[in-house]
Amino acid sequence: MFGHLIQSRIVRNARKSIFYSVFADETTDICQIEQFSLCVRYVEDQSYKIREDFLTFVPVSDVTGAGLANTVLETLSILGLDLKKMRGQGYDGASTMRGQFREERFESHKETVASLQHILPEFCTKTDFYSLEAAFNFYEEHLLHKEVMQSEFMLWKEKWSQEKDENLPKTASSSLEKCDKTFFPNIYILLKLLAVLSVSVATVERSFLRNTTSESRLNGLALLSIHLSH
């Protein structure tokens, strides 16, 4: 019951974040039952802190390839996360689904992240809107017209051009704290996208519990252990 309450809170926070990423890893318990540990990365509302939270274990001992991908998608939907807002994914050892659980919009991931980084104050003061064009084209559906975005970028650049280099925010989360979404709505969205795209699997690996307890109890204990220990 406590595990379910924690899981519901995580899902609620991820939904408020607008965008999120998922990442996972595989592990096998002492009974040789394969477990797929699923985690979510999002920006915490108001505090702008980037969170990486364990969500649930997915049994995958009898599922491979596209079947596993579908299981993960179904799990996210059941938990109440909008699949259209998923903007990143990362796997370590999940070879059975690598390449299967990937939509076309993720193929230019590296180029997009490289372009998005130019929205950070330490970079925007040294470049122009052209360097951000790849990211704008990729996420155009979430942004206003290009001319509006370009004007907004120029204002954002001017804002930080007056600051000393040591005072410029260096990360997406610290930049979000300084971004007024009323004046910079598009910059705000791009910073949130950048914040959730850089995924790792450290949180996933912390979730591994090699035991023989039941699936629902395992999920509850894992959620309690991981999130109440912070």
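In what follows, every heavy atom counts, from backbone to side chain, and hydrogens, waters and symmetry copies are set aside.
Between F153 and C124 the shortest heavy-atom distance is CE1-CB, 3.9 Å. Considering every non-hydrogen atom in both K157 and T125, the closest pair reads CE-O, 3.8 Å. Across H145 and F136, no two heavy atoms sit closer than the pair C-CZ, 4.2 Å.
Sorted by first and then second residue, the side chain to side chain donor-acceptor pair (under 3.5 Å) pairs with a member in residues 184-194 read E152-N186; sequence neighbours excluded. Listed by first then second residue, pairs satisfying ring-ring contact (aromatic ring centres under 6.0 Å, His included) with a partner in residues 158-186 read W156-W160, W156-F184, not counting sequence neighbours.
Shown here are the side-chain hydrogen bond (donor to acceptor under 3.5 Å, both in side chains) partners of E140, two or more places apart in sequence or in another chain: there are none. In this structure N137 satisfies the side-chain contact (heavy atoms from CB on, under 4.5 Å) test together with E133, sequence neighbours excluded. Checked against ring-ring contact (aromatic ring centres under 6.0 Å, His included), H4 has no partners two or more places apart in sequence or in another chain. By the side-chain hydrogen bond (donor to acceptor under 3.5 Å, both in side chains) test, E158 pairs with Q162, sequence neighbours left out. Judged as a side-chain hydrogen bond (donor to acceptor under 3.5 Å, both in side chains), and not counting sequence neighbours, Q7 has no contacts. With sequence neighbours excluded, no residue satisfies side-chain hydrogen bond (donor to acceptor under 3.5 Å, both in side chains) with S161. A search for ring-ring contact (aromatic ring centres under 6.0 Å, His included) contacts involving Y20 returns nothing, not counting sequence neighbours.
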Test side-chain contact (heavy atoms from CB on, under 4.5 Å) applied to H142 and R87, step by step: CA-CA 12 Å; H142 302 297; R87 286 295 176 268; 2.7 Å; yes
Audit row: Y139, T112, side-chain contact (heavy atoms from CB on, under 4.5 Å) steps and yes/no: CA-CA 9 Å; Y139 294 113; T112 303; 3.4 Å; yes
Start with the C-alpha gap between V40 and V11, add the side-chain angles, then the distance that decides, and say whether side-chain contact (heavy atoms from CB on, under 4.5 Å) holds. CA-CA 9 Å; V40 62; V11 170; over 6 Å; no
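Using a 4.5 Å heavy-atom threshold, the side chains of V22 and L81 count as separate. Between I50 and V196 the shortest side-chain heavy-atom distance does not fall below 4.5 Å. No side-chain heavy atom of E52 sits less than 4.5 Å from a side-chain heavy atom of Y42. L194 is not listed as a side-chain neighbour of L190, based on a closest heavy-atom distance of 4.5 Å or more. Within the 4.5 Å cutoff, the side chain of M149 has heavy atoms near those of the I187 side chain. With contacts defined as side-chain heavy-atom distances shorter than 4.5 Å, the pair S77/E74 does not qualify. The shortest distance between side-chain heavy atoms of D82 and R15 does not fall below 4.5 Å. Taking 4.5 Å as the limit, every side-chain heavy atom of D45 sits out of range of all side-chain heavy atoms of N13.
A distance-only check finds a donor-acceptor pair linking the side chain of K126 to the backbone of E122 [under 3.5 Å]. Of the possible polar contacts, none joining the S131 side chain to the T127 backbone as a donor-acceptor pair under 3.5 Å is found.
Ring pair H118/F129: centre-to-centre distance not below 6.0 Å.
Here the CG-CG distance, from L191 to L120, works out to 6.5 Å after rounding to the nearest 0.5 Å. The OG atom of S173 sits 11.5 Å away from atom OH of Y48, with the distance rounded to the nearest 0.5 Å. With values rounded to the nearest 0.5 angstrom, L76 atom CG is found 14.0 Å from K85 atom NZ. Of the inter-residue distances, the one linking S115 atom OG with Y130 atom OH reads 10.0 Å to the nearest 0.5 angstrom.
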Listing, residues 174-182 side-chain donor-acceptor contacts under 3.5 Å, not counting sequence neighbours, or none:
| from | atom 1 | to | atom 2 | distance (Å) |
| --- | --- | --- | --- | --- |
| S174 | OG | T171 | N | 3.2 |
| S174 | OG | T171 | O | 3.1 |
| S174 | OG | T171 | OG1 | 2.8 |
| S175 | OG | T171 | O | 2.7 |
| D180 | OD1 | T182 | N | 2.9 |
| D180 | OD1 | T182 | OG1 | 3.4 |

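Taking a cutoff of 4.0 Å between a charged side-chain nitrogen and a carboxylate oxygen, D53 and R51 qualify as a salt bridge.
Other residues, nucleotides and ligands contribute only 12 or fewer heavy atoms inside 6.0 Å of the CD atom of Q46. Residue K170 qualifies as enclosed at atom NZ: its count of foreign heavy atoms under 6.0 Å is above 12.
Taken together through direct or relayed side-chain contacts under 4.5 Å among Ile, Leu, Val, Met, Phe, Trp and Tyr, M1 and I78 form parts of separate hydrophobic clusters.
Counting side-chain heavy-atom gaps under 4.5 Å among Ile, Leu, Val, Met, Phe, Trp and Tyr, the cluster of L144 also holds V148.
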